[in-house]
Amino acid sequence: MEKHIRGIISTNLKNYMTEKHMTQAQLSKATGIPASTISGYVARRSTPNAGAVQKMADALGQNKADIDPRFHDSEILSTSPSSEIINETAKVMSQLNAMYQKRVYSYAKEQYENQSLAFPETLAAHQADSSHIINDDEAKNISKFLDAAIDRHENRNK
């Protein structure tokens, strides 16, 4: 796996350096990474750490994930709207066999159920913070939660 990652990083570096008309020496100067280290990345002898990937990405005008595929998922999760995360998750799920698809679905369903159970803790935290002003969306969520709790309570007592 490590060799595979090195190959992708090497190819990406070569492509972006060519695109920017940049030599290894110029990339070294722009990043502060020794030329011998850059050479090791390009020749697939070593794997850059996150800091080096970020420096090279910045110098080449790219995102970290454009250089190193290990950062692809973290960038999607931190910068993408929910719809893109859902689409990326669906792509991954489509590549899983049926057993693993069921596991992912079960886990997602469990997380959804836990999310609604965590709402009272969030509500309690807001109540404890007297400086917090509840916005319209929060008020609607609180109202829905309380209505559902009242309905559950009434149904148990029937």
Side-chain angles (χ1 to χ4, degrees), residues 1-126 128-129 131-138 140-142 145:
M1 182 67 166
E2 185 79 12
K3 287 183 181 183
H4 177 71
I5 296 293
R6 286 179 185 175
I8 293 170
I9 293 169
S10 171
T11 299
N12 290 339
L13 285 174
K14 289 175 189 175
N15 289 339
Y16 292 124
M17 286 171 29
T18 299
E19 189 178 288
K20 293 279 188 183
H21 306 288
M22 187 179 281
T23 65
Q24 290 181 29
Q26 291 168 325
L27 182 59
S28 171
K29 186 174 182 178
T31 61
I33 298 170
S36 60
T37 304
I38 299 283
S39 174
Y41 301 151
V42 173
R44 304 176 185 197
R45 288 188 306 268
S46 58
T47 309
N49 63 29
V53 172
Q54 186 64 62
K55 288 177 183 178
M56 292 184 292
D58 291 345
L60 295 166
Q62 303 298 321
N63 293 315
K64 280 193 307 190
D66 295 329
I67 304 294
D68 186 336
R70 296 175 297 175
F71 298 102
H72 182 69
D73 291 340
S74 64
E75 287 195 3
I76 287 173
L77 295 176
S78 67
T79 62
S80 301
S82 293
S83 60
E84 188 173 343
I85 293 170
I86 291 167
N87 290 338
E88 290 294 323
T89 303
K91 285 180 195 174
V92 170
M93 279 191 71
S94 70
Q95 297 172 18
L96 298 173
N97 68 36
M99 179 183 74
Y100 286 103
Q101 287 177 347
K102 288 176 186 176
R103 286 182 182 176
V104 170
Y105 173 75
S106 293
Y107 180 75
K109 188 174 177 184
E110 179 184 320
Q111 292 304 303
Y112 173 72
E113 290 165 359
N114 288 341
Q115 172 181 286
S116 63
L117 295 174
F119 186 74
E121 295 168 8
T122 304
L123 181 59
H126 287 306
D129 180 3
S131 66
H132 180 76
I133 299 172
I134 296 174
N135 65 35
D136 289 342
D137 288 337
E138 288 174 313
K140 287 176 189 173
N141 286 335
I142 292 168
F145 174 78

Please report the closest heavy-atom contact between Ile5 and Pro69, naming both atoms and the distance.
CD1-CG, 3.9 Å

Going by atom type alone, with no hydrogens or angles, which donor-acceptor pairs under 3.5 Å involve a side-chain atom of residues 27-37 and a protein atom two or more places apart or on another chain?
from: Ser28; atom 1: OG; to: Ile33; atom 2: O; distance (Å): 2.5
from: Ser28; atom 1: OG; to: Ala35; atom 2: N; distance (Å): 3.2
from: Thr31; atom 1: OG1; to: Leu27; atom 2: O; distance (Å): 2.8
from: Thr31; atom 1: OG1; to: Ser28; atom 2: O; distance (Å): 3.3
from: Thr31; atom 1: OG1; to: Ile33; atom 2: N; distance (Å): 3.1

To the nearest 0.5 Å, tell me how far Arg103 CZ sits from Leu96 CG.
10.5 Å

All side chain to side chain contact (heavy atoms under 4.5 Å, CB included) counterparts of Lys102, not counting sequence neighbours:
none

In Å, rounded to the nearest 0.5 Å, how long is the span from CE of Met56 to CG of Asp66?
12.5 Å

For Asn97 and Tyr100, indicate whether the former's side chain and the latter's backbone hold a donor-acceptor pair under 3.5 Å.
yes

Which atom pair, heavy atoms only, marks the closest approach of Gln26 to Met22?
OE1-CA, 3.2 Å

With sequence neighbours left out, write down each residue that passes side chain to side chain contact (heavy atoms under 4.5 Å, CB included) with Tyr105, or none if nothing qualifies.
Lys109

Give the minimum heavy-atom separation between Tyr16 and Ile67, together with the two atoms involved.
CD1-CD1, 3.7 Å

Residues passing the side chain to side chain donor-acceptor pair (under 3.5 Å) test with Gln101, sequence neighbours excluded, are none

Taking distance alone, no hydrogens or angles, what donor-acceptor pairs closer than 3.5 Å link side-chain atoms of residues 39-46 to residues at least two apart or in another chain?
from: Ser39; atom 1: OG; to: Arg45; atom 2: NH2; distance (Å): 3.3

Any side-chain to backbone donor/acceptor pair from Asp68 onto Ile9? Under 3.5 Å, distance only.
no

Using the test side chain to side chain donor-acceptor pair (under 3.5 Å), find all partners of Asp58 that sit at least two apart in sequence or belong to another chain.
Gln54

Under 3.5 Å: donor-acceptor pair, side chain of Thr18, backbone of Lys14:
yes

